[in-house]
Amino acid sequence: MSLLTLLFGEKKKTASIAKERLQLIIAREHGTDGRGADFLPALQRELIEVISKYVAVNPDDIKVQLERQDNYEVLEVNIVLPDLKS
Amino acid sequence: MGKTTTSAAFASGLALRGFKTAVIDFDVGLRNLDLIMGCERRVVYDFVNVINGEARLNQALIKDKHCENLFVLPASQTRDKEALTEEGVEAVIRELEHMGFDYVVCDSPAGIERGAIMALTFADEAIVTTNPEVSSVRDSDRILGILQSKSRRAAEGREPVKEHLLLTRYSPKRVDDGEMLSYKDVQELLRVPLIGVIPESESVLHASNQGTPAIHLKGTDVSEAYTDVVSRFLGEDRPLRFVNYDKPGLIKRLFGGK
Ligand SMILES: Nc1ncnc2c1ncn2[C@@H]1O[C@H](COP(=O)(O)OP(=O)(O)O)[C@@H](O)[C@H]1O
Ligand SMILES: [Mg+2]
């Protein structure tokens with residue numbers, strides 16, 4: 001450690017990283033009862049049902065995905081609508 | 001980390017306050033409480049012997065050397081955790097109640113297997129011992145979930161087990177340096193009322209070396225902090241101590257010194 005950092009205390013706060021990570025993992029384990037994001041298949045099924053009421057979609061063309069970013073989660077739903085020409 | 005140290009100190013603290021107290025080691029196969037309490041040479045019968053009917057409870061209870069009204073029930077060193085049956089554990093705890101014990105302190109093993117489940121099943125109150133460190137906080141969160149689902153109180157739909165958070169091996173300096181989760185962080189994460197913060201200290205090693213629960217090392221921070229925990233448990237107000245770091249002055253920082 002240099003004299004300057006000793007004097008002015010330039011600190012790397014790993015404790016705050018720890019806290020953010022714990023917030024995320026605890027929220028997840030509570031929300032899903034520790035079983036991971038296993039509501040995704042059901043969500044996908046229900047989405048297909050709803051969307052099929054309005055558009056004729058192929059079940060395989062609906063993709064649901066949960067992605068973790070630094071301190072938030074992104075639920076990504078991708079729906080490919082049928083080709084209009086056919 | 002710190003469950004056995006805490007069980008020994010806390011049970012001793014209750015006894016010092018005049019309560020007839022028993023402390024039971026649930027860590028079957030890896031017993032340690034007897035060493036921390038300093039009664040390892042007096043172990044004849046153990047918890048599993050009592051459960052199996054090979055010894056009577058009062059033959060297995062070891063009277064503590066420091067406190068008149070404190071008794072230790074050691075774990076078995078040779079059996080496996082499956083030896084702890086729910087009926088057996090319940091019978092022992094009921095019998096202690098009949099013998100006039102005010103408090104029964106159950107020292108849980110690590111993890112979430114049989115020993116830990118049995119230690120919490122009959123609890124009225126739980127002191128969840130946590131270190132300010134990611135894996136420990138997460139484990140504590142899981143144990144809290146198990147308390148809320150597997151305890152007798154939960155199973156019978158009675159009033160839930162009263163939860164307390166005890167943070168131990170706490171280093172105010174490292175918290176100040178941003179290297180360690182603060183007690184506020186941990187409390188915010190786990191959302192359980194804080195019953196105390198025990199500082200990281202060499203005196204815990206001195207205590208275990210001698211087989212004397214740390215609360216008996218008069219004048220040490222750890223002893224005072226555990227005494228505060230016992231007082232708060234008994235409903236008394238005690239301000240938090242040993243959680244702030246006094247920064248050394250500039251001169252001290254430049255020229256070292258402890
Ligand atoms: N406040 C403390 N300061 C320093 N060391 C501690 C403190 N509390 C516990 N320890 C040490 O941590 C280790 C594990 O403690 P122990 O109480 O046996 O944990 P557990 O029963 O949860 O496995 C032991 O070496 C003990 O001396
Ligand atoms: Mg232990």
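Lettering of chains follows the sequences in order, A, B, ..., and the numbering in each one begins at 1. Note that the coordinates shown come from a computational prediction; the quantities given were computed from them, not determined experimentally.
- B/Asp25 has no carboxylate O lying under 4.0 Å from a charged side-chain N of B/Arg31, or vice versa, which leaves the two without a salt bridge.
- Listed in order of number, the residues of residues 123-140 of chain B that approach chain A to under 4.5 Å between heavy atoms are B/Val134, B/Val137, B/Arg138.
- Using a 4.0 Å cut-off between charged nitrogen and carboxylate oxygen, A/Lys19 and B/Glu188 count as a salt-bridge pair.
- Checked against the 6.0 Å centroid criterion, the rings of B/Tyr103 and B/Phe10 do not qualify as a close aromatic pair.
- The residues B/Lys247 and B/Asp176 are annotated as salt-bridged, a charged nitrogen and a carboxylate oxygen being separated by less than 4.0 angstrom.
- Using a 4.0 Å cut-off between charged nitrogen and carboxylate oxygen, B/Arg152 and B/Glu86 count as a salt-bridge pair.
- A salt bridge links B/Glu224 and B/Arg241; the closest N-O separation between the charged side-chain nitrogens and carboxylate oxygens is under 4.0 Å.
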